[in-house]
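Numbers here simply count residues along the sequence, with the first being 1. Bear in mind the structure is a predicted one, so any value in this text is a computation, not a measurement.
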Amino acid sequence: VSNNNTITNNINNGYIIKVDGLIGGHSGMDIHKNRLNAIKVIFNFFNLLVENKVNVRLSTIDIGNKANAIPFNGYAKFEIENNDEDKLNSIFNNYFEKLLIKEKFYYKLEKSSLDYVISNEDSNKLISFIYEIPSKVITYISNEVLTSNNLGVINLDKNQVTILNS
């Protein structure tokens with residue numbers, strides 16, 4: 001994230017999305033079970049917002065705690081434009097209702113104060129990047145996992161993004 005693209009003033013429509021209670025697991029032992037990954041859950045939601053022309057500016061993100069664990073919880077703070085609130089709520093409700101068919105878990109979207117956001121451009125780049133990274137089994141041989149990728153951690157703190165995978 002470029003340093004001059006961090007915004008610290010005129011932030012007035014902040015939100016926090018929280019996910020908790022996913023099954024999670026060990027990336028080496030459980031990746032083939034197709035469990036929901038908190039990083040993918042939240043970033044797929046962000047990608048839906050972008051696809052629906054909602055301007056998202058990311059703020060603090062804290063999802064997962066180990067590279068080799070399928071993250072079961074986390075949160076992300078972000079800002080949208082005031083005129084996108086109805087779209088935000090509609091997309092949120094539709095998306096999470098569909099996910100609950102696969103796995104039961106806690107999720108919440110609420111207003112939040114933000115200390116900073118990164119630019120819309122940098123936010124879109126990060127959303128697209130995480131959306132494109134697979135977090136699943138890549139190849140099997142004789143019903144055994146040969147290769148897989150797990151997004152285990154993502155943190156955003158001002159200009160620093162940390163991503164850990166295994």
Within the structure provided, determine whether [X] and [Y] are in side-chain contact (heavy-atom separation under 4.5 Å).
X: Val153; Y: Ile63; answer: no
X: Phe105; Y: Val19; answer: yes
X: Leu58; Y: Leu126; answer: yes

Original post:
Pick from Ile154, Asn65, Asn37: which one makes a side chain to side chain contact (heavy atoms under 4.5 Å, CB included) with Pro71?
Top reply: Asn37
**OP:** Going by the side chain to side chain contact (heavy atoms under 4.5 Å, CB included) test, name the single residue among Ile133, Leu48, Leu151, Ile61 that passes it with Phe43.
**Re:** Ile61
**OP:** Mind listing the closest non-hydrogen atom pair of Ser59 and Leu156 along with its distance?
**Re:** O-CD2, 2.9 Å
**OP:** For Ala67 and Ser166, work out which heavy atoms get closest and say how close.
**Re:** O-OG, 2.9 Å
Side chains of residues 11-18: which donor-acceptor pairs under 3.5 Å do they make with residues two or more places apart or in other chains?
unit_1: Asn13; atom_1: OD1; unit_2: Lys111; atom_2: NZ; d: 2.4
unit_1: Asn13; atom_1: ND2; unit_2: Ile80; atom_2: O; d: 3.2
unit_1: Asn13; atom_1: ND2; unit_2: Glu81; atom_2: O; d: 3.4
unit_1: Asn13; atom_1: ND2; unit_2: Asn82; atom_2: OD1; d: 3.2
unit_1: Tyr15; atom_1: OH; unit_2: Glu85; atom_2: OE2; d: 3.0
unit_1: Lys18; atom_1: NZ; unit_2: Glu110; atom_2: OE2; d: 3.1

Original post:
For Ser112, which residues count as a side chain to side chain donor-acceptor pair (under 3.5 Å) partner, sequence neighbours excluded?
Top reply: none
Original post:
More than 12 non-hydrogen atoms from neighbouring residues, nucleotides or ligands closer than 6.0 Å to NZ on Lys87, yes or no?
Top reply: yes
**OP:** Using atom types as modelled and distance alone, determine if a side-chain donor or acceptor of Tyr116 lies under 3.5 Å from a backbone N or O of Lys158.
**Re:** yes
**OP:** Spell out, as yes or no, whether a donor-acceptor pair under 3.5 Å connects the side chain of Asn68 to the backbone of Gly152.
**Re:** no
List, one per line, each side-chain donor-acceptor pair under 3.5 Å for residues 93-103, sequence neighbours excluded.
unit_1: Asn93; atom_1: ND2; unit_2: Asn89; atom_2: O; d: 3.1
unit_1: Asn94; atom_1: ND2; unit_2: Ser90; atom_2: O; d: 3.3
unit_1: Tyr95; atom_1: OH; unit_2: Val41; atom_2: O; d: 2.7
unit_1: Lys102; atom_1: NZ; unit_2: Asn34; atom_2: O; d: 2.8
unit_1: Glu103; atom_1: OE1; unit_2: Leu36; atom_2: N; d: 3.2
unit_1: Glu103; atom_1: OE2; unit_2: Ile23; atom_2: N; d: 2.8

**OP:** Assess whether side chain to side chain contact (heavy atoms under 4.5 Å, CB included) is satisfied between Leu49 and Leu88, documenting all intermediate values.
**Re:** CA-CA 7 Å; Leu49 293 176; Leu88 170 73; 3.9 Å; yes
